[in-house]
Participant: 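I am attaching a structure below and will ask some questions about it afterwards.
Hydrogens, waters and symmetry mates are skipped; everything else that's a heavy atom, side chains included, is used. Quick note on labels: first sequence line is chain A, next is B, and so on, each numbered from 1. Fair warning: this is a prediction, and the values are worked out from it, not measured in the lab.
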Protein chains: 2
Amino acid sequence: MIGRPAADRIERRSGVSLWRQIADKILHAIAIGDFAENTALPPEVALAERYGVNRHTVRSAISALVQEGVLRAEQGRGTFVLSRKRLSYPIGARTRFSTGLQGQTSERHIVLLASSVEPASQRVAEGLGLARGAEVIRLETRGEADGRAVSRAAGWFEARRFAGIDAVMAETGSITASLARFGIDDYLRQSTVLSARHADAADLADLDLQPGAIVLVTVAVNATPDGQPIQFSESRFPAERVELRLSAL
Amino acid sequence: MIGRPAADRIERRSGVSLWRQIADKILHAIAIGDFAENTALPPEVALAERYGVNRHTVRSAISALVQEGVLRAEQGRGTFVLSRKRLSYPIGARTRFSTGLQGQTSERHIVLLASSVEPASQRVAEGLGLARGAEVIRLETRGEADGRAVSRAAGWFEARRFAGIDAVMAETGSITASLARFGIDDYLRQSTVLSARHADAADLADLDLQPGAIVLVTVAVNATPDGQPIQFSESRFPAERVELRLSAL
DNA sequence: TAAATTCGTCTATTGATATAGACATCTATA
DNA sequence: TATAGATGTCTATATCAATAGACGAATTTA
C-alpha cells in the first residue's frame with residue numbers, strides 16, 4: 001500500500017529547463033485550485049525550497065508567467081494569481097464553439113483568418129471520403145474568449161458542394177450558420193483523435209503562446225446524421241488555457 | 001489566402017532545449033507517417049539544415065530517441081525508425097482497457113500496483129457524490145501493451161460498497177470483472193475532462209518516460225446506467241506513445 | 001518610526017546547451 | 001579497391017541555465 005508519489009520534484013538534464021518546469025507546475029497548481037485566484041503565491045524563497053531550486057530559478061519561472069499574463073508581481077507585497085482556471089472546452093457529438101462555453105466567459109467569437117481552395121491531401125481525402133487531389137476549401141479560424149486565443153483550427157470542405165462557404169463564414173462567423181446555408185440543419189461529430197505535443201513556431205504565433213508551451217491537437221470529422229462526412233478539421237488548443245471536457249453524445 | 005505556415009522552425013531561449021524540440025518533431029513526423037517505419041531517416045546533415053541547427057544538436061535529439069527505443073543508429077548506414085505509430089486509445093461511454101486495442105498490439109494487460117483505504121479528498125468526494133472524508137479505496141494501476149507502459153491510473157471507489165475490490169482486482173486484473181463481482185453488470189463513462197502537461201518525476205518513473213515528455217491526463221467518473229457514480233479516476237497517458245480516440249457513445 | 005517581509009537588481013561562478021570544424025570509422029557501391 | 005556517404009569522436013568556443021550571496025526598494029506590521 002504505497003502512498004501517492006510526491007510530484008513536486010524536478011528533473012534535471014531533461015532538455016526542459018528547470019524554470020520552465022516550475023512555471024508548468026505553478027500553472028497546474030492554479031488550474032487545480034491549489035493556488036487560488038486573486039491571492040498571493042507563496043513567497044519566492046518558500047517556492048524555491050518547495051521545489052528544491054535556487055530562488056533565482058523560481059524568479060525566472062515567475063517572470064515567464066508574468067509575461068504570459070498569469071501572475072502579477074508587486075514589490076514588497078507579493079506575487080498574485082491573475083488568470084482564471086482553464087477554460088473547459090466541450091467536445092462531443094454536437095460540439096459547436098458557441099455553445100458550452102456559456103457562463104465561463106463574457107465574450108467569445110470565431111475569426112476567419114484565411115481561406116483557400118486546394119487539392120485534398122491524403123488524410124483530408126480519407127476523412128471526407130473523396131479522391132485524393134479532389135478540390136477542397138480550407139478555412140483557417142481562430143477561436144477567442146475574453147480576448148485570448150483558445151483555439152486555432154483548419155477545416156476542410158468539399159469544394160463542389162460548399163462553393164462559397166468562405167464568404168458565408170466571413171459574414172456569419174459561425175460554422176454552424178454557414179453550413180445551414182448549404183442545407184445542413186444538423187451535423188454530428190463522427191470521429192475525434194486527440195494528441196498533445198510541444199508548441200512549434202506556428203503554434204506560438206497562432207495561439208499567442210510563450211515558447212515551451214503545450215498544445216492539445218484534435219483531428220475530427222463532422223458528418224450529417226446519416227453518416228455523410230462534410231467537414232474534416234484539425235484544431236489546436238493551448239493546454240495551459242484550455243481543458244477538453246468530453247461530453248455525452 | 002495565406003498558405004499553411006511552415007512549422008519546421010525552432011524556438012530558442014524557450015526553456016525547452018533545441019535537441020528536445022527536434023526530438024519532439026521527429027516523433028511527430030513518425031506519428032503522422034512522414035518518416036515511415038523501418039526506413040532510414042534523412043541523414044544528420046540534412047536534418048540539421050531542415051531544422052536550421054547544428055549537426056551536433058540533431059545528434060543529441062537522435063541520441064535521446066535511440067535511448068527511448070524509437071530509433072536505431074548504424075554507423076555508415078543511417079538512422080532507422082523502429083517504433084510503431086502511437087497507440088490509438090479509445091475513450092467513450094463504454095471504454096474498457098481490454099476492448100478497442102485489439103489488432104493494434106499483441107499483448108496487453110493491467111497491473112495492480114498498489115491499493116489503500118483513505119478518506120476522500122475534495123474532488124474525489126465530489127466526483128463520487130460522497131461526503132468529504134468518507135472512506136474510499138484507491139487502486140493504482142498501470143496499463144501495458146507490448147511490454148510498454150501506455151497508461152497509469154488511480155481509481156477511487158466507495159469503501160463501504162466495494163470492500164475488498166482491491167483483492168478482486170489483483171485476482172482478475174480487470175476493473176470490469178471486479179465490478180461484476182459487486183453486481184455491476186454495466187457502467188458508463190459519465191464525464192471526462194482532459195488536459196496535458198509536462199511529465200513530472202512521478203510520471204517519468206510510472207510510465208517509463210524520458211525527461212521532457214508530455215503526458216495526457218484524463219479525470220473521469222464512471223457511473224451505473226441510472227447515473228449513480230461508482231468510480232472516480234485520474235489516468236495519465238504518455239503522449240508520445242498514445243493518442244486518444246474519442247469514440248461514439 | 002522601526003522592523004520584518006517581500007520583490008528587484010547586481011556580481012560571480014559552474015555546468016549544460018549549441019555552434020563550428022576536423023577527422024575517424026563503417027557501409028554500400030561504382 | 002577506391003570512393004562517396006553516412007555515423008562516431010574529438011577539440012574549442014560562446015551562450016544559456018542554475019546556483020550563490022549580498023544588498024536595494026517597496027510594503028506591511030508591530
Participant: Can you check each nucleotide of nucleotides 20-30 of chain D against protein heavy atoms at under 4.0 Å and return B for base, S for sugar-phosphate only, - for none, in 5' to 3' order?
Facilitator: BBB-BBBSS--
Participant: Quick one: is S60(A) getting a side-chain N or O under 4.0 Å of the dA17(D) phosphate, OP1 or OP2?
Facilitator: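 No, S60(A) has no side-chain N/O under 4.0 Å of OP1/OP2 on dA17(D).
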Participant: Please give, in whole Å, the distance from dT17(C) P to I22(B) CD1?
Facilitator: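 Interatomic distance, CD1 of I22(B) to P of dT17(C): 13 Å.
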Participant: Is the backbone N or O of V16(A) less than 3.5 Å from a side-chain atom of Q21(A), with the two atoms forming a donor-acceptor pair by type?
Facilitator: yes
Participant: Identify the two heavy atoms, one from S195(B) and one from E243(A), that lie closest to each other, and give their separation to 0.1 Å.
Facilitator: CB-CB, 4.4 Å
Participant: Mind checking what makes side-chain hydrogen bond (donor to acceptor under 3.5 Å, both in side chains) contact with D24(B), not counting sequence neighbours?
Facilitator: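 In terms of side-chain hydrogen bond (donor to acceptor under 3.5 Å, both in side chains), with neighbours along the sequence ignored, D24(B) is linked to H198(A).
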Participant: Could you check how far CD of E74(B) sits from C1' of dA28(C), rounded to whole Å?
Facilitator: 13 Å
Participant: List, one per line, each side-chain donor-acceptor pair under 3.5 Å for residues 38-45 of chain A, sequence neighbours excluded.
Facilitator:
| unit_1 | atom_1 | unit_2 | atom_2 | d |
| --- | --- | --- | --- | --- |
| T39(A) | OG1 | A36(A) | O | 2.7 |
| E44(A) | OE1 | R55(A) | NE | 2.8 |
| E44(A) | OE1 | R55(A) | NH2 | 3.0 |
| E44(A) | OE2 | R59(A) | NH1 | 2.9 |

Participant: If I take atom CD in residue E49(A) and atom P in nucleotide dT19(D), what distance separates them, rounded to the nearest angstrom?
Facilitator: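 My rounded result for the distance is 14 Å.
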Participant: Hey, is CD on E49(B) packed in by over 12 heavy atoms from elsewhere, all under 6.0 Å?
Facilitator: no
Participant: What is the nucleic acid contact for T79(B), judged by heavy atoms within less than 4.0 Å: base, sugar-phosphate only, or nothing?
Facilitator: sugar-phosphate
Participant: What's the CG-C1' distance between L18(B) and dA17(D), to the nearest Å?
Facilitator: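 About 13 Å, once rounded to whole Å.
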Participant: Tell me the interatomic distance from E44(A), atom CD, to dT6(C), atom P, rounded to whole angstroms.
Facilitator: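 For the pair E44(A) CD and dT6(C) P, the rounded distance is 10 Å.
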Participant: Under the criterion side-chain hydrogen bond (donor to acceptor under 3.5 Å, both in side chains), I'd like the reasoning laid out for W156(B) against E234(B): C-alpha separation, chi angles, the key distance, then a yes or no.
Facilitator: CA-CA 9 Å; W156(B) 288 265; E234(B) 175 181 298; over 6 Å; no
Participant: In whole Å, what is the span from the CZ atom of R59(B) to the C1' atom of dT19(C)?
Facilitator: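 In whole Å, dT19(C) C1' and R59(B) CZ are 15 Å from each other.
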Participant: OP1, OP2 of dT19(D) versus side-chain N and O of T57(A): anything below 4.0 Å?
Facilitator: yes
Participant: Taking all non-hydrogen atoms of both residues into account, name the closest pair between A202(B) and R236(B) and its distance.
Facilitator: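 Result for this residue pair: C-NH1, 4.2 Å.
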Participant: Nearest whole angstrom, please: distance from the P of dT27(C) to the CZ of F80(B).
Facilitator: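 For the pair F80(B) CZ and dT27(C) P, the rounded distance is 12 Å.
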Participant: Expressed in angstrom and rounded to an integer, what is the separation of Q21(A) atom CD from dA17(D) atom P?
Facilitator: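 Checked: the CD to P distance equals 13 Å.
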